[in-house]
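Throughout, protein chains are lettered first and strands after them, A, B, ... in sequence-line order, and every chain is numbered starting at 1.
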Amino acid sequence: MANEVVDHGRRRFLTSATAVVGGVGIVSAAVPFIKSWEPSARAKAAGAPVTQSLKKIESGQQLIVAWRSLPVFIVNRTPEQLAALPKQDPRLVDPKSDGSSSEQQPKYAQNETRSIKPEWLVMVGICTHLGCVPNYVGEMKPEPFDPNWQGGYYCPCHHSRYDMAGRVYRGVPAPKNMQIPPYHFVDDTTVQIGVGPKEGA
Amino acid sequence: MANVFARIGDWVNERTPGLAPMYRKHMTEYYAPKNFNLWYYFGSLAMLVLVNQIVTGIFLTMNYDPSASGAFDSVQYIMRDVEWGWLIRYMHTTGASLFFVVVFLHMFRGIMYGSFKKPRELVWLLGMLIFLALMAEAFMGYVLPWGNMSFWGAKVIVSLFGTIPKIGPALQEWIMGDFLPADATLNRFFALHVIALPIVLLLLVVLHLAALHEVGSNNPDGVEIKKGPKGNRWDALKPADGIPFHPYYTVKDLVGVGFFLLIAAFIIFFAPTFGGWFLEHDNSIAANNLVTPAQIKPVWYFTAFYAIVRMVPSAFGTAVWGVLGMFGSIALLFALPWIDVGPVKSIRYRGTGYKVALTIFVIAFFCLMALGMDLTDEYFPRIFGAGIDITLWDNVFGRIMTVAYFGFFVFLWLYTHLGWEKTKPVPDRVTTHD
């Protein structure tokens, strides 16, 4: 009780120093808990390439295979479907896939048909809006959602529409063309998803 | 015998002297305005449903298996093999929907009678936080049965965070703990649903009530009984227009509880899925990551906010605008005490402009709800002919309603900040005093 004078500056400094050290401690202690929410080693490991034979996919048919738990659409596009693609350009957000969608495909698939071989479309079937799986509506006939339908994909969740190359139409919620995964042809009738062609990858 | 109870009571009081005063403060000596009407049932009913959700929830966890491989089957097991399991689950699922019914009505009451205004801003903010926690709780609970709608609902809602530029995709993986909703996602949602969020909810409810009892309840006339004459039958210093919460309003609320339980029991026993509104048909199919249900729509209570996501188009290569619109529609409710600064609280004495705006707001909310439930896809062709472009009609209709929803807040701000409102005189006391 010898010194009755309170040193306010010293008290303020000690209070804030304690608060700062405590705060740093709390933030550091939170890191392991936050990191524990990231994909685990087991989840990351489940991502090997997938090989698929194309022999049984008829013209106009779609096959869905799972790659990294994602649905991958493999479509054998008909000549009519391919012929309709350039006509869609004025109605699309990014017809050449070089604007907002420039990252949505590997370089070797950044072309008119968004594929390595024109007839074969290989695409991650996830809507770029909120991740639903769009329905394949291949026939060119008037649909309730589009009286001038030229074949393509229709998302049941929020009605986004894509053409037969997965290119998104204007005026729908989805912002980008659907993603083309890395893939290559092992031989004429076999495709491997997850690995690009030698020269491209 | 009575002597024994009295002695136990004394024994407790000696050791915790604060207990009896606390009971009196919140029950027998909490003076609430005497003119509460039907709209004042929904607060106590929300408490009732909360208790129901906690009790039935605890019993559901006893048989539920929170793993991607076992969750769906364990719910079917509860429904078929567990004695009375179906009743406990239907009480929980019906309770979830009725929770939102009473909370929406409770919130509407607050808006209509100006219960969010000074000095009750904090009561309103805490209530909005409860609403937010409740939405998170309901969403995670919806994922747990791991039906196909659970899976895709989870995917779509988590993808909302994926639309945030730059950090979005990483954030999405962080929330799911995988590249798709998976075992890790289900496990953490279970933990949050049964432990973390209920604790937060209970704490917020306590704070909501504590804040309310500090300032006192509003009433349909929007007058402050604390500023009115003093002295009632029980206390010469307390408001003349107040009556003790217990027994007067506890008894009144019991009548509401009776009616509410009658309706709830009818739904639980005769229409537990409520035609696919409370429990969606696609959720009777196990989760499948390769097949999206024909229509993905959230449960009815989210559809109004969710429709806004759909109505805002993407721009500048990102879909974040719709998500901002949805969160904005809730954020504006938080800000209501500072948007609507009109001095008159109750709709009874407010200007015609306010009444019209509130009516339009309610209509817009219901229309957005119908749109989010895809009811428009069904009814537009019936009304306007089968050949119409539904996407176009949906967009036009939905965007008008979205503008009306946000317009309510813009109008209110202008109406009250610029002094356009012509109010009626507010009485000095509640209109039903004797």
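Here the CZ atom belonging to R188(B) is positioned 6.5 Å from the OG atom belonging to S36(A), to the nearest 0.5 angstrom. Between the CD atom of E38(A) and the CD1 atom of I175(B) there is a distance of 12.0 Å, given to the nearest 0.5 Å. Note that CG of D178(B) and CH2 of W37(A) are 14.0 Å apart. Values are rounded to the nearest 0.5 Å.
For a residue to count as touching a neighbouring chain, one of its non-hydrogen atoms must lie under 4.5 Å from one of that chain's; by this rule T128(A) does not touch chain B. Proximity to chain B (any heavy atom under 4.5 Å) is restricted, for I126(A), to the side chain, taken from C-beta onward. For L160(B), the parts lying under 4.5 angstrom from a heavy atom of chain A are both the backbone and the side chain. Interface remark: P173(A) contributes backbone and side-chain atoms alike to the contact with chain B (heavy atom separation under 4.5 Å). No part of V93(A) comes within reach of chain B, as not one of its non-hydrogen atoms sits under 4.5 angstrom from that chain.
In this structure, C157(A) and R310(B) approach most closely via the heavy-atom pair O-CD, 4.1 Å. Residues V156(B) and H158(A) approach most closely at CG1-CE1, 3.9 Å, considering heavy atoms.
Surrounding NZ of K176(A) are at most 12 heavy atoms belonging to other residues, nucleotides or ligands under 6.0 Å away. Environment of CH2 in W174(B): crowded, with over 12 heavy atoms of neighbouring residues, nucleotides or ligands closer than 6.0 Å. Applying the 6.0 Å contact sphere to CD of Q61(A) captures more than 12 heavy atoms from other residues, nucleotides or ligands. Within 6.0 Å of CZ in F274(B) there are 12 or fewer heavy atoms belonging to other residues, nucleotides or ligands.
D374(B) places a side-chain heavy atom less than 4.5 Å from the side chain of H159(A).
Counting heavy-atom pairs closer than 4.5 Å to chain B, the top residue among V133(A), N135(A), V172(A), L70(A) is V133(A).
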